[in-house]
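Worth saying up front: this structure is predicted, and the values here are computed from it rather than measured. Residue numbering restarts at 1 for every chain, and letters A, B, ... go by the order of the sequence lines.
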Amino acid sequence: MRIGYACLTVGVLETNFKSCMVKNSNEKKLLEIIEYNLKSLNNIIDYNIENNIKLFRISSDLIPLGSSSVNNIPWWEVFSSQISSIGSKIREADMRVSMHPGQYTVLNSPNEDVVLRAIQDLNYHNRILDSLGMDRKSKIILHIGGVYNNKEKAIKNFISNFQLLAQEIKERLVIENDHKSYNIGEALEIGRTLNIPVVFDNLHNEVLPCDISKDDQYWIRQCKETWEKEDGPQKIHYSQQDKGKRSGAHSNTIEIEQFMNFVGKIDDNIDIMLEVKDKNLSAVKCINSISKSKKIKALEVEWSKYKYNILEHSHLHYNKIREILKNKNEYPVIEFYKLIEEALNIEETIGSTVNAVLHIWGYFKSTATEDEKSKFIKLLKSYEEGKKPKDSLKKFLGKLAFKYEEYYLLNSYYFYL
DNA sequence: TGGGGTCAAGCACGG
DNA sequence: CCGTGCTTGACCCCA
């Protein structure tokens, strides 16, 4: 079982992507952004390897305006050495990468131009995976598209337009149920017809069920049959509902107890792509939680990254977690993450925020310049008086962390959660 | 016509 | 000049 996350990281340095608007684009700018983004991807892959993350979705924004004719740079040739070196790392690590065009890539549209652009977009995605040297187990996951007042016809359109794709793209393509138009039963029907795999998305199925008498495990078993040996292990998407938001909205983090309950009921030979706001943080959480061999060291590393966030929310939880990490022979992973989740759900107070801020300030108070000291005191005072938001204080500290190269802080989640 | 989804770019403001 | 906060872009379907 591999567990992974999509596209972006939280709290990992130099892994962001740049983009550019059509009206400002030129060759020089595009080349700069491509080079920058490839470096970021390289750093993400390094991070994944260090953290034993073996499943990852590559962002469609890797190449700016990648499927548009505005960008006619043969980037796969210009940057072939950078790309193939990233590809080698991925293969050596036995990492599985995939891609997922968004809701605007619509293969079954009655509008010919839209279909043409969808094909171009799929070519673009395929080119990335190809130039990385990935085999057909690296999938491109696509939604089925629109309904156009006639679902039967729309499905037929999807099936016939699929035939317009190049063979290697047909071999990579995977379809997924969505939360608006096509439920898992319909996705399965199309998948069986075209003989392509189907990804089951649990939250989409919750929002747009096919048959409420069937549980997730049933649909996962059904989808399993669409995955052939050459496609690699079955993949599913897993996410949890953000309770404060509209139905279908992804939660900030994967609640570990709910996840363990889910994972306990499914086959071990399944790859799970998490769709969640805190990205790699939840991936690491889930990987640590299903690990059978992990040592407490893994939790200590996690603790070093979370601790100032926990302090910011709840001193009580801060102490509790320190307590459960004392016994070096145990591995209280679920309890650990439950306490983290609980603490982060507690609304921070001005007092608890200031407490954490002062801990962070401790890194700088002897080295900061007089200017920085007075600015800090001023900022802290206006925060306490409710005149400035917490973020401006944290941003200021973040800049100091950069300037004074406090990597312990920069690699923690304090500035990102 | 605007919502839906997402992030970073771009812009307009304030000090 | 800086930092902050709001709007726009890129994409298409659907009510």
Above 12 or not: heavy atoms from other molecules or residues under 6.0 Å from NZ of Lys388(A)?
-> no
Is Ser109(A) near enough to dC13(C) that one of its side-chain N or O atoms lies under 4.0 angstrom from OP1 or OP2?
-> yes
For Lys375(A) and for Ser181(A), locate the closest nucleotide of DNA chain C by heavy-atom distance; then report the residue assigned to the nucleotide nearer the 5' terminus.
-> Lys375(A)
Between Tyr148(A) and dC14(C), does any side-chain N or O lie under 4.0 Å from OP1 or OP2?
-> no
Reckon Gly102(A) touches a base, only the sugar-phosphate, or nothing at all at heavy-atom distances under 4.0 Å?
-> nothing
Would you kindly check if the NZ (Lys) or CZ (Arg) of Lys305(A) is within the cone defined by 45 degrees around the ring axis of Tyr408(A) and under 6.0 Å from the six-membered ring centre?
-> no
Would Lys39(A) count as a cation-pi partner of Tyr36(A), with NZ or CZ less than 6.0 Å from the six-membered ring centre and within 45° of the ring normal?
-> no
Given dC12(C), is OP1 or OP2 found less than 4.0 Å from the side-chain N or O atoms of Arg117(A)?
-> yes
What's the shortest heavy-atom distance between Tyr182(A) and Gly145(A), and which atoms?
-> CE1-O, 3.2 Å
Closer to the 5' end of DNA chain B via nearest nucleotide, is it Leu8(A) or Lys29(A)?
-> Leu8(A)
In whole angstrom, what separates Lys394(A)'s NZ from dG3(C)'s P?
-> 19 Å
Per the side chain to side chain donor-acceptor pair (under 3.5 Å) rule, which among Lys89(A), Glu14(A), Gln82(A) passes with Asn42(A)?
-> Lys89(A)
Please give, in whole Å, the distance from dG3(C) P to Lys388(A) NZ?
-> 11 Å
Tyr308(A) vs Tyr414(A) aromatic rings, parallel, tilted or perpendicular, using cut-offs 30° and 60°?
-> perpendicular
When the distance from NE2 of His100(A) to P of dC11(C) is rounded to whole Å, what number comes out?
-> 18 Å
Can you name the closest pair of heavy atoms from Ser289(A) and Met260(A) and give their distance?
-> O-CE, 3.4 Å
When you check the phosphate oxygens OP1 and OP2 of dG3(C), does a side-chain N or O of Lys399(A) lie under 4.0 Å from one of them?
-> yes
In whole angstroms, how far is the C1' atom of dA8(B) from the CG atom of Asp61(A)?
-> 9 Å
Under 4.0 angstrom, heavy atoms only, what part of the nucleic acid is Ser392(A) near: base, sugar-phosphate, or nothing?
-> sugar-phosphate
Atom pair distance, as rounded to whole Å: CD in Glu112(A) and C1' in dC12(C) | 17 Å
Would you mind reading off the distance between Tyr416(A) atom OH and dC7(B) atom P, rounded to a whole angstrom?
-> 16 Å
Between dC11(C) (P) and His143(A) (NE2): distance, integer Å | 19 Å
Rounded distance (Å) that lies between atom C1' of dC14(C) and atom OH of Tyr182(A) = 12 Å
Within the pair Asn24(A) and dG10(B), is there a side-chain N or O less than 4.0 Å away from OP1 or OP2?
-> yes
Between the protein and nucleotides 5-10 of chain C, are there any N/O to N/O pairs under 3.5 Å, and if so, what are the atom names and distances?
residue, atom, partner, partner atom, Å
dA10(C), OP1, Val22(A), N, 2.7

